[in-house]
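Structure first, then comments.
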Amino acid sequence: MFPPPPPTAIYIQGAYDTSRTDGVLGRMQEGLARALARLEESSQETLATLRHTLLAVSMGAFAVVLLGGFWLVRLGLAPLQRVSEAVSQVSEKDFRLPLDRTRLPVELRPIVERLEHTLEALKRAFAREKQACADISHELRTPLAALLTTLDVALRKPRPVEEYREVLQECRSSGQHMYGLVERLLALARLDAGVDNVRAREVEVGALAEQCAALVRPLAEARGLSLRVHKDGPACVTADPDKLREIVTNLLHNAIEYNRPDGTIDVAVARDNGDVRVEVRDTGIGIAAEAKQHIFERFYRSDPSRQSEGLHAGLGLAIVKGYVDLMGGAVDVESKEGQGSTFRVRLPIQSHS
Ligand code: ADP
């Protein structure tokens, strides 16, 4: 193996002069230190520049994200803004939503559809309320006019006592008609306000149905209708008997009113799965499928032009539904046009009222 050669300069100048070697090394070290210092200085400068660049880039990126986000949010909210503007144009005179549904994002379409359904329902309710005002005025006008005419005729000259009695009877019947209508309106107003006086006690529904049937039987018989009550054992509920009577009587009146001549009415009362079920079945004109979903709404009459003698402003079933709901029960109807209808009321044995 050869020994390592000495440094070239030293080798040329002479053999192993250590003082010179130290000087060279010292200069080399100084040079190295200076180079290192320059390197550090330049790397500090580079780092500072880098830091500034990074700061500028991140601030720029932040600004871009902020602006982009703002723009995206605005873009995303634009359809909602259009919907909101369309809704603000809806009024009681025009319930249409002035909106092109095809230009809306698919996510918004079901909401707008629901909104349109609600507006449609509101439109119908408004129309019915308007119609109801006209109906109520008409209903009150007829007995009032009859009352005034009867009184005017009676007052034209002195009459025997018997004639005065007849006049008073007629006036009483007109008064009763108006009283009944006002009572119905008040019942609904009380239901709305939630201020109904509820006097709950144990009621045997079969017996109550028989009482109601006895009350309306003369009216049914006058129209040639047969009315039967079927009971299947005792069926008691804890409820307000007056409201229960109102429910059954309203259903019976309708079964009489909308029956065919010589038809039948069957009332069935039975316990059923912890409830008490009351069914009122008639053999009348029935209810069209499209009318069925509205008959429990206030002032709804499937055929408003139908002439009737009694109180038929479309309030009876609304009261029935209101009272049944109050008792925590349920009411529904099965019907076939031209064949008849069955109204079914279910009441919990321990009702709320
Ligand atoms: P109304 O006082 O006009 O009878 P209701 O609220 O009791 O009002 O009934 C609403 C509408 O439902 C009626 O106008 C009638 O068209 C329909 N309806 C109710 N009961 C019967 C029934 N038993 N048979 C056929 N239609 C009925």
Side-chain angles (χ1 to χ4, degrees), residues 124-125 127-140 142-143 176-189 191-192 209 212-213 215-217 219-220 223-229 243-268 278-326 330-345:
R124 272 192 274 119
R128 267 202 310 281
E129 296 276 335
K130 269 194 206 157
Q131 183 62 39
C133 260
D135 286 348
I136 291 166
S137 314
H138 176 77
E139 292 282 342
L140 284 174
T142 313
Q176 267 176 338
H177 187 150
M178 288 185 281
Y179 184 75
L181 184 65
V182 173
E183 276 288 290
R184 286 179 162 213
L185 289 169
L186 274 176
L188 285 169
L191 273 171
D192 282 344
C212 298
L215 205 73
V216 300
R217 190 163 277 115
L219 192 60
R223 298 194 181 192
L225 304 168
S226 77
L227 170 55
R228 293 174 298 230
V229 179
K243 293 192 170 44
L244 213 50
R245 213 169 279 123
E246 184 75 17
I247 293 171
V248 179
T249 313
N250 267 315
L251 294 179
L252 282 172
H253 270 136
N254 280 347
I256 296 171
E257 178 67 31
Y258 302 105
N259 220 319
R260 63 171 159 76
D262 302 320
T264 59
I265 300 164
D266 288 286
V267 183
V278 184
E279 276 183 7
V280 179
R281 183 177 306 127
D282 65 57
T283 51
I285 57 174
I287 303 165
E290 63 273 17
K292 223 160 40 175
Q293 53 184 319
H294 300 301
I295 54 171
F296 293 101
E297 292 171 11
R298 291 171 192 194
F299 305 115
Y300 179 83
R301 292 181 296 178
S302 56
D303 182 5
S305 64
R306 193 179 148 89
Q307 292 296 314
S308 61
E309 293 157 18
L311 280 171
H312 288 281
L315 299 174
L317 288 179
I319 293 176
V320 167
K321 170 119 178 65
Y323 283 170
V324 171
D325 286 349
L326 199 66
V331 55
D332 59 47
V333 61
E334 262 174 40
S335 187
K336 272 206 177 121
E337 269 189 288
Q339 289 185 28
S341 313
T342 304
F343 283 84
R344 193 171 296 113
V345 175

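Heavy-atom basis, side chains included; hydrogens, waters and symmetry copies ignored. One-based numbering, in listed order, for ligands and for the atoms of each.
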Review point. Any donor-acceptor pair under 3.5 Å linking the side chain of D282 with the backbone of I256?
Key: no
Review point. Ligand 1 versus L317, non-hydrogen atoms closer than 4.0 Å: side chain, backbone, both, neither?
Key: both
Revision key, fill the gap. Of V333, I285, N254, the one whose closest heavy atom lies nearest atom 7 (O) of ligand 1 is N254
Practice item. May I ask which of I295, L315, L252 has a heavy atom nearer to atom 17 (C) of ligand 1 than the others do? Key: I295
Exercise for review: Look at ligand 1 and say whether G286 reaches it with a heavy atom at a distance under 4.0 Å.
Suggested key: yes
Point to revise | R344 bridged to D332 by N-O distance under 4.0 Å | key: yes
Point to revise | Gap between atom CD1 of I247 and atom CG of L326 - 0.5 Å precision | key: 9.0 Å
Review point. Does any N or O atom in G314 lie less than 3.5 angstrom from one in ligand 1, N or O only?
Key: yes
Point to revise | Side chain, backbone, both or neither: the part of F296 lying under 4.0 Å from ligand 1 by heavy atom | key: neither
Exercise for review: Check each atom of ligand 1 against the heavy atoms of S341 and keep those under 4.0 Å away; list them by number with element.
Suggested key: 24 (N)
Check your understanding: If every non-hydrogen atom of S341 is compared with every non-hydrogen atom of S335, which pair is closest and at what distance?
Key -> OG-OG, 2.9 Å
**Study point:** Ionic contact status for E337 with K292, cut-off 4.0 Å
**Key:** no
Exercise for review: For I287, counting its heavy atoms only, list the atoms of ligand 1 lying under 4.0 Å from any of them.
Suggested key: 25 (C), 26 (N), 27 (C)
Practice item. Check whether any side-chain heavy atom of L251 sits under 4.5 Å from a side-chain heavy atom of V345, and report yes or no. Key: yes
